[in-house]
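Report on one structure; see the data block that follows.
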Number of protein chains: 2
Amino acid sequence: MKTNALYKRTYNQCLDLLARAAPGRPLASEPQMAATLGVSRTTLRAVLAELSARRIVAIDGRAKVLLRLPERADYLDGTDLEPLAEMVERKFMAWMVGPECSPGQIINGLDLARQFGVSTSAIRDCLSKFSHFGLLERQSNGRWRALGLTVDFVTELFDMREFMEFRALDRFMALPPEHPAWRALSGLEEEHRAMLADIDRRYRDFSDLDHRLHRLINGVAPNRFFINIQGVMSVIFHYHYQWNKKDEKERNHVAVEEHLAYIAGLESGDIAKARAACGFHLKTARSTLLASIEVATGP
Amino acid sequence: MKTNALYKRTYNQCLDLLARAAPGRPLASEPQMAATLGVSRTTLRAVLAELSARRIVAIDGRAKVLLRLPERADYLDGTDLEPLAEMVERKFMAWMVGPECSPGQIINGLDLARQFGVSTSAIRDCLSKFSHFGLLERQSNGRWRALGLTVDFVTELFDMREFMEFRALDRFMALPPEHPAWRALSGLEEEHRAMLADIDRRYRDFSDLDHRLHRLINGVAPNRFFINIQGVMSVIFHYHYQWNKKDEKERNHVAVEEHLAYIAGLESGDIAKARAACGFHLKTARSTLLASIEVATGP
DNA sequence: GGCATGATTTTTTTATATAAAAAACAGTTT
DNA sequence: AAACTGTTTTTTATATAAAAAAATCATGCC
C-alpha cells in the first residue's frame, strides 16, 4: 500500500498558506492552489476535504472561504511525513557507516527490511540506487555486498571530481567576458563576502552556496554523467556531514575563504592561478572528508 | 513467481558437460559439479533429478553414472532460457530506438509491461537501471521521461570517455617498464596482428579485443565511477551494433588499425604521439556511432 | 576428520493486489 | 470561450505471497 506522505505534507503546506490569508476571504481555485503547492488536483481535493471537515474552510461549490486561521494543533505530525524512499535511504546510510556494517560484508535485505520496518521492495529499491553510487556491489548470486564509505571510495570519488572540475574550469575561463556566467559568478562572490561578514551565525548556509558555485562552473558544459557523479557527491556530503557536526563552523569558514580565492583565480583570467586555487580547495575538501571518516571508523 | 531460467540454462550446460564424458563413467560429486557450473547445489540437484527422470544418468546414493550420451532432443529450449531482466532490457532498448519512442516523451510503465508481457515490477527495475545510464529521467511526479539515444547522449558519453581515456593513458605511460601491463599490451598487440591477418573471417571478434584493450589501459588506475561509465558504454555498443550490422567488417578493420597505432604510440614512450593516436581512434568511434544513430532516426 | 548427501531454512526474484496520486473526461458556471 | 468543479480512469508506489535459488544444518560414509 502506497504511503500518503505527500497528502500529509501538502496538508501542512496548505495550512502554512492559509495562515498568511485573512479569515472570510475567498480562496483561489483548485487548479491554482494545486499549482502553487506543486501537486495534482486530486491530492489538493483530499486536503480541501479534510480542511472542510475540520471547519477551517467552508466549501460550497466553487466558493471556498477561510473560516479561521489554522492553529498549531491543526498540523499533522509524525514520522510518516517523510517519503518512504527517503526514510529508507536515511536509515540505510546510518546503518552503512555504523558498527553493524563492515566493508566486504554481504547485505541481508530481508534483515534490513525487518530492522527498518519496511517491505523488501523498499530495501531493494534503495540497494539498487546505492549500488550505482559505488557503495554496494551486486554479486553473481544476486546478493549485495557492502563496499562501504571507505578511504578508497572517497579517493576515487574525489579523483573523479578533481578531474572534472579542472575540465569545467578550463571551459569556464574560455567563456567570452559578456557571457552571463561571469555576472552570476560575481553575484556569488558578493554572497560569499556577505556570509563571511557574519560567518558566526550563517555558517550553516554554506552547503547551499557550495552547491551553487560548483554547479555554476560545471554547468557551462553540461554532461549528464558528470551531473550524476555530482549527485553522488551531494548525497555523500549530505549524510556524512549530518552526523559529523564537529568543527563545522571552522570547516565552513575555511571553505568560504577558499571559494573566494577560487573565484578570484577565475576572474583574474590566469588559468594557472585558478587551477591552483581550485586544486587547493578540493584538496582541503578531500582531506576533511577523509579525516572525518577515519574518526568515525577508528584510526 | 520467479522464473527458472537459471535452472534451464544450467540443465543445458550440464548436458554439454556430459556430452564430453563417456557413458558408464561415474560423475563428479555434487559440490564439484555445482562449482563447475557456477550455481548452487540446490539448482544442480534439480538438474540431476531431471537427468535421472530422463534416464540420462542413474543416481544411487553418491554413485552417479552416465547411462547414455545426451541427444539433441534432450536440450530444453524456448524464450525463457534468457533471464527475465535481460529480456526486458533487450525489448526496452529496441523500443527506445524504435518509432514508438521519441525523445522527451513520457514513458508509460503499465503499457510497456503489457507490451513486453511482464509485470510492472520488472519494468520498474529496468527503468531504474536505464535512468542511471542517462537514457531516462525521473520527473517529480514519479513518471519517467525518455531522453533517448540522441546525438546529445552520444556526445556527452564520448566527451566523458575521451576525457577518462586520456587520464588513464597518462597514468599508463608513467608505469615503469617492468610493470606487467606492458607485457599484457604486447600480448594484445600480437592478437591484433593475428586478427588483422585474417580480418575477413575474424572481424566479429573485434568487440572482445576492443573491450580488453581499453580495460587494460583503464585498469591501471581503477575507479568505480569510471568503470560504471564504461559499463554504460558497453551496453550502448552491445545493443546498438546488434541492430547496425551495416559496414561492420569495414568498421572493425579500420578500428583494428587504429588500435595498432594507439598501441604503437603507447610503446613509443612519446606521450604526444600516444595521445594523438588515442584521440584519433576515439574520434572515429564517436562519428561512427553518431552516423549510425542518424541513419536509424532519419536525417 | 573431511567430504558427501538429504533435508530444512533463509533469501532473492517476480507477480499480484491495493491505496495514493495523477490525469483525463464531462458537464457547469462565469 | 475559458476556466472551474465533480467524476472516472489510469498510473505509480508499496506490501504481500509464492516460486526459485542459495545457504545452512544434520547425518552418514570412507
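This one's a predicted model, so the numbers in the text were calculated from it and none came from an experiment. By convention in this document, chain letters (A, B, ...) are assigned in the order of the sequence lines, proteins followed by strands, and residues within each chain are numbered from 1.
- Residue A:Asn108 is classed as a sugar-phosphate contact, given heavy-atom separations below 4.0 Å to backbone atoms only.
- Per the geometry, CD1 belonging to A:Ile123 stands 17 Å off P belonging to D:dA13, to the nearest Å.
- Ion pairing between B:Glu30 and B:Arg62 fails under the 4.0 Å rule for side-chain N and carboxylate O.
- Taking for each of B:Ala28 and B:Pro83 the nucleotide of DNA chain C with the nearest heavy atom, the 5'-most of the two is the partner of B:Ala28.
- The pair B:Asp74-B:Arg55 fails the salt-bridge criterion, with no side-chain N (NZ, NE, NH1 or NH2) lying under 4.0 Å from an Asp/Glu carboxylate O.
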Exercise for the section: Take A:Glu82 and A:Arg90 through the test side-chain contact (heavy atoms from CB on, under 4.5 Å) and record every step on the way to the result. Expected result: CA-CA 10 Å; A:Glu82 188 182 20; A:Arg90 185 170 50 76; 2.8 Å; yes

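- B:Asp208 places a side-chain heavy atom less than 4.5 Å from the side chain of B:Arg212.
- Nearest-nucleotide positions on DNA chain D for A:Gln32 and A:Ala122 put A:Gln32 closer to the 5' end.
- Using a cutoff of 4.0 Å between basic side-chain nitrogens and carboxylate oxygens, B:Arg124 and A:Asp125 are scored as salt-bridged.
- Distances were taken from every side-chain heavy atom of A:Val118 (C-beta onward) to each of D:dT5, D:dA15, C:dT16; the shortest belongs to D:dA15.
- A:Leu127 places its CG atom 13 Å from the C1' atom of C:dT11, with the value rounded to the nearest Å.
- Distance CG (A:Leu27) to C1' (D:dC4): 15 Å, rounded to an integer number of Å.
- For the pair A:Thr120 and B:Ala63, both in contact range of DNA chain C, the more 5′-proximal nearest nucleotide belongs to B:Ala63.
- In this structure, the CZ atom of A:Arg45 is 10 Å from the C1' atom of D:dC4, given to the nearest Å.
- When distances are taken from the side chain of A:Ser119 to each of D:dT14, D:dT5, D:dC29, the shortest belongs to D:dT14.
- Regarding A:Arg114, its CZ atom lies at a distance of 13 Å from the C1' atom of C:dT12, rounded to whole Å.
- Between A:Lys64 and B:Ile106, the one whose closest nucleotide on DNA chain D sits nearer the 5' end is A:Lys64.
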Fill in the blank from the handout: For nucleotides 21-26 of chain C, 5' to 3', base contacts (B), sugar-phosphate-only contacts (S) and non-contacts (-) with protein non-hydrogen atoms under 4.0 Å give SBBB--

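- B:Leu110 has its CG atom 13 Å from the P atom of C:dA17, to the nearest Å.
- Proximity note for A:Arg62 (side chain, C-beta onward) versus C:dT13, C:dT28, C:dT14: the nearest is C:dT28.
- Rounded to whole Å, the distance from CG on B:Leu37 to C1' on D:dA21 is 14 Å.
- Per the geometry, CG belonging to A:Asp80 stands 17 Å off P belonging to C:dA19, to the nearest Å.
- In this structure, CD1 in B:Ile107 is found 4.5 Å from CH2 in B:Trp95, a value given to the nearest 0.5 Å.
- Nucleic acid contact for A:Ser29: sugar-phosphate only, since backbone atoms but no base atoms lie under 4.0 Å from a heavy atom of the residue.
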